Structures are given as structure tokens and as C-alpha cells.
Peer 1: 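Have a look at this one.
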There are 2 protein chains.
Amino acid sequence: MGVPAKEEGADPRVRMWEPVGRAVALLLGPYAEVVLHDPGTDRVLAVWNPFTSRGPGDPSALGELAALDPAARDVYGPYEKVLADGRRLSSVSAVLRDAHGEPAAVLCVNLDRTPLERAAAVLSAFGAPTVRRPEPLFEQDLSARVAEVVGGHVRATGRPAERMTRPDRLTVVARLDEAGVFAVRRVVPVVAEALRVSRSTVYDLLADVRATSERS
Amino acid sequence: MGVPAKEEGADPRVRMWEPVGRAVALLLGPYAEVVLHDPGTDRVLAVWNPFTSRGPGDPSALGELAALDPAARDVYGPYEKVLADGRRLSSVSAVLRDAHGEPAAVLCVNLDRTPLERAAAVLSAFGAPTVRRPEPLFEQDLSARVAEVVGGHVRATGRPAERMTRPDRLTVVARLDEAGVFAVRRVVPVVAEALRVSRSTVYDLLADVRATSERS
DNA sequence: GTCCGGATCGGACGAAACGTCCAGTCGACG
DNA sequence: CGTCGACTGGACGTTTCGTCCGATCCGGAC
């Protein structure tokens, strides 16, 4: 594929769908982020109301969308994502096709549900009897969760862990990092084994993921 | 707003407390009923914004108040009641005393939580994924979660962290342990600070908790 | 008052895990 | 054949963990 567009508006796809992205971002107020991805280069084409400091040209870390369940034609979700700061997002993605029916871009809408959930908690707590709900439990078995993420990506790409490419592993590690998995003790060897790489490589991948995500 | 009490200004207690009842009924809008009971005859003295067709002179069905926790002096609740039509109420009651300290009346405020719960359901359903991902771990939430558990126990016992007894702390630590909090890195100092004890004591409490739980 | 025992503290310390670094291997590619 | 990027295995210094122990505090028994 070609060189990703750096300037907003330079890419004809951005010009074509810019009103859509802007309109959705306007409609959903400050709590929705709209991202236009290039599925070929796996990079961001444009962002409206960005949650993080991502901008055009940055990696998408969403490359596996094209290989997702083909039963749901071109529209995926809503599914849940978790940012590093704990915000929970509801996300939907749509594959946008050109006149020849070829995938030209992927539109992602991420809705921050945190304020809604906070408001819901306020409402249901209002005047509530003193009975306190038990705490939601943490995921007890970390390795199961890690295996789930890795297995999901394997299923999405059809590549077993041994034959994964580096972008594959970066995607998986990025997801695990978003989920806060690396805050847990003793988890790096578990991830290393699940990805069939060495402990060193996990740290290397993690450094890469965090470097590209913190770019501003 | 609301239906005014049937005019029976003959009773001095009604004249004395009427502004209170009317004010609370006004403040809480159409979703709160305020009832003034006569504990001696167990009858209704006055009602503001009645949910049912009860009026002055009707029986109170107040008998169960005496069976409530006598430790809480003169104020009971909030406790939950369910109306015949299924509406769930949060209720509080207050014993009102005369100049001689004798119980003269009982004031009951019933708040209909149904609309609040419905609104909360709407909010939390907004943009929610159909399938929820298992709750992941995030380090950011951790201190908040710890503070929540500790704060919950403080509210439940009325004892601030500084004045907790050892069983209090054991309970809190046991709950945190069940939640898997101690699998997260760097969390022990956080817990120690939340409990206002030293790091050593947290390990001591934790050992105690795990020893007694394994003895079963 | 003194004594005593439990709870806690603060610091020390070895063990474990963390995260970095680097020389070396492997395979892809020109 | 040489280069380059990815990965490895291990070494190594640092941070965190979890334990241990003497000191201190404090409430209750005597």
C-alpha cells in the first residue's frame, strides 16, 4: 500500500468521510472518539475528538479487524475496550468500501461509558437502603485471561502463536497492556509462554507498544 | 406539588410538624410520600403527597418499628418496603419528641426508587456491548478499589481507619484478598496507607487471614 | 503503682521478581 | 555473501516482596 497520509484532507478517503466522522463526534459530544483507519497500512487516517494523543499516521493496533468473523458483514461490535487509565469504552467498527467494493477504510467509534456508568451509579445509590453490593471480583486466573486474548488473535488471523509476525504480537501485547495485565506480578513469563517467545522479547514488545502509544 | 394533608389542624402536633412534612414532600418531588404517625394510637395523623389512599385516622401498621434496631436512637433506616403494585420504596423514620422528651409522633419518608432505578438502567444500557468482557485488572483502579472496600467497612461500622480494631482490619484484608488485590504489584503499601497501618502489619494481617481460611 | 501480653512499628535482610543490556543465533533478503 | 531485523539466553543491577526481630505503645490484671 501507499505512504499513509500525514495531512488531514490530503487523502481522498478522509475528504470523503470527514463529514461522517465530524457529525458523529459532534452528536455524541465529548464522550465519543471517531477514528478513520487505513486497513492496508494499519495506520490512523484521521481522528475526531481524540481520547489519547493519537493522530494521523500513528499505528492503529487494530489490524486484525479485517480477519474478524465474516458472518457480521462489515460491521463489528459493539465490543468493549479498556483504556490504560481505566475508562471503559464501547466500540463499533465499520468497513468502508470504494466503488469497486474493495475495503478502503475502517471507521471506528469509541464511546466512553465512564460518565454514564458514574451517573447510573449515582442514580441507583440515591436513597438506596444500606445493603451494599459485594465487590466485583477481579479476574482470578490471569493465565486464562492471557490465553483468551492470545487465542482470540490466533483465531482472528489464523496464525498460531509460533508463526505470528511482529505486528501480531504487538497487537496482542497492546491489548494486554490496555487491560492492565502487566500490573500483575509474575505475569510476564506467562505472557511469554503464551506468545511462544522469550521473556526478553515480551519486554521488548511492551517497550515498543508503550513508546508508540505515548507519542504526542 | 403533591396533595395537601386533609385539614385537621386541631391536632397541635400536625400544626407543629406540618411545615417539615410539606417541605420534604416538596423537595423530593412526586416520588416521596411523607407520613406523620401517632405512635400512641398507631394511626396516621397527616400525609403529604400520599402514594396510596391513606388519610388521617387510618391505621398506621407501624408496629414493626419497635422491633427495629434500638441502638439507632430515634432514627431508623433507610430500609426497603415494597408496595402492592411492586414499587420499591426506601424509607426512613424519625421519632419526634415533645418538650418533655416523650415520643409524640413518628415521621416517615417513603421514597419511590422505581423511576431512579429505571433511569439508571437506561443510562447503563446506553451504548453497552451486548456481551461484557470479563473484568480486567487495572492498576489505576486499584487504589480506588482499596479505598472503596476500606471506606465501605468504615461506613458499615462507623469506625474510621485510625480507630479500627484488629477484627475490623482482618475483615477488610480478607475481602481484599478474596478480590485478588494482593496479586497486583506495589499494592501492599497502598493497602497499608488506606488502613493506616504499617506495611509489616498488612503482611501480618494477611498471614492471619490466610492461616484461618486454610483451616477449614 | 507494676507487670504483662497483644498489637503495631520500623528497620534490616535475604529472596524473588523486575527490567535492561548485550553478545550471539537465525532467517529473510538483496 | 553480507546485512539487517527479530529473537534468544543469560548476566546483572534494581526494585519489590515477604519475613523476622527488637522496640514501643497501651489496655487490663494484679
Side-chain angles (χ1 to χ4, degrees), chain A residues 1 41-43 59 61 63 84 138 141-143 145-146 150 153-154 157 159-174 176-214, chain B residues 137-140 142-143 146 150 153-154 157 159-174 176-215:
Chain A
M1 291 285 175
T41 63
D42 197 26
R43 299 207 165 249
F138 285 110
D141 187 7
L142 245 269
S143 27
R145 173 119 189 77
V146 171
V150 175
H153 197 266
V154 168
T157 62
R159 261 185 301 265
E162 292 87 348
R163 304 271 176 236
M164 272 189 182
T165 70
R166 173 159 251 255
D168 286 330
R169 291 195 250 261
L170 283 173
T171 302
V172 173
V173 169
L176 291 172
D177 194 26
E178 277 179 10
V181 164
F182 293 105
V184 179
R185 311 189 56 234
R186 269 182 292 268
V187 86
V188 169
V190 174
V191 173
E193 191 177 0
L195 280 178
R196 307 289 173 175
V197 297
S198 71
R199 204 173 60 95
S200 308
T201 302
V202 173
Y203 282 114
D204 184 53
L205 293 165
L206 188 55
D208 200 339
V209 162
R210 288 179 173 167
T212 54
S213 85
E214 281 170 12
Chain B
L137 292 157
F138 5 76
E139 193 169 15
Q140 288 83 356
L142 245 269
S143 33
V146 169
V150 174
H153 197 266
V154 167
T157 63
R159 259 185 303 268
E162 291 86 349
R163 304 269 178 242
M164 272 190 182
T165 69
R166 172 157 250 255
D168 285 330
R169 291 195 251 259
L170 284 173
T171 303
V172 173
V173 168
L176 292 172
D177 193 26
E178 281 173 10
V181 165
F182 292 106
V184 178
R185 309 186 55 232
R186 274 185 291 269
V187 86
V188 169
V190 174
V191 173
E193 189 177 359
L195 279 179
R196 308 288 175 178
V197 296
S198 72
R199 204 172 59 96
S200 307
T201 303
V202 173
Y203 282 114
D204 185 54
L205 294 165
L206 188 55
D208 200 339
V209 162
R210 289 179 173 168
T212 52
S213 85
E214 280 170 12
R215 217 182 301 291

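A quick note: this is a predicted structure, and the numbers were derived from the prediction, not measured. Here is the naming used below: chain letters follow the sequence lines, and residue numbers restart at 1 for every chain.
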Peer 1: So which heavy atom on A:Val209 is nearest to which on A:Thr212, and how close?
Peer 2: O-OG1, 3.0 Å
Peer 1: Under a 4.5 Å cut-off applied to non-hydrogen side-chain atoms, are A:Val190 and A:Val184 in contact?
Peer 2: no
Peer 1: Flag the pair A:Met164 / A:His153 as yes when at least one side-chain heavy-atom distance between them is below 4.5 Å, and no otherwise.
Peer 2: yes
Peer 1: Quick check: closest heavy atoms across A:Ala194 and A:Val146, and the distance to 0.1 Å?
Peer 2: CB-CG1, 3.9 Å
Peer 1: Which residue pairs pass the side-chain hydrogen bond (donor to acceptor under 3.5 Å, both in side chains) test with at least one member in residues 160-173 of chain B, sequence neighbours excluded?
Peer 2: B:Arg159-B:Asp168, B:Thr165-B:Asp168, B:Arg166-B:Asp204, B:Arg166-B:Asp208
Peer 1: For every nucleotide of nucleotides 4-18 of chain D, 5' to 3': is a protein heavy atom under 4.0 Å from its base (B), only from its sugar-phosphate (S), or from neither (-)?
Peer 2: --SSBBBB----SSB
Peer 1: Taking five pairs at each end, how big is the angle between the two axes of the helix from C:dG1-D:dC30 to C:dG30-D:dC1, to 10°?
Peer 2: 10°
Peer 1: Write down the distance between CZ (A:Arg163) and P (C:dG27), rounded to a whole number of angstrom.
Peer 2: 11 Å
Peer 1: Can you see which heavy atom on B:Val202 is nearest to which on B:Phe182, and at what distance?
Peer 2: CG1-CE2, 4.2 Å
Peer 1: Given side chain to side chain contact (heavy atoms under 4.5 Å, CB included), test A:Val173 with A:Leu195 step by step and report yes or no.
Peer 2: CA-CA 9 Å; A:Val173 169; A:Leu195 280 178; 3.8 Å; yes
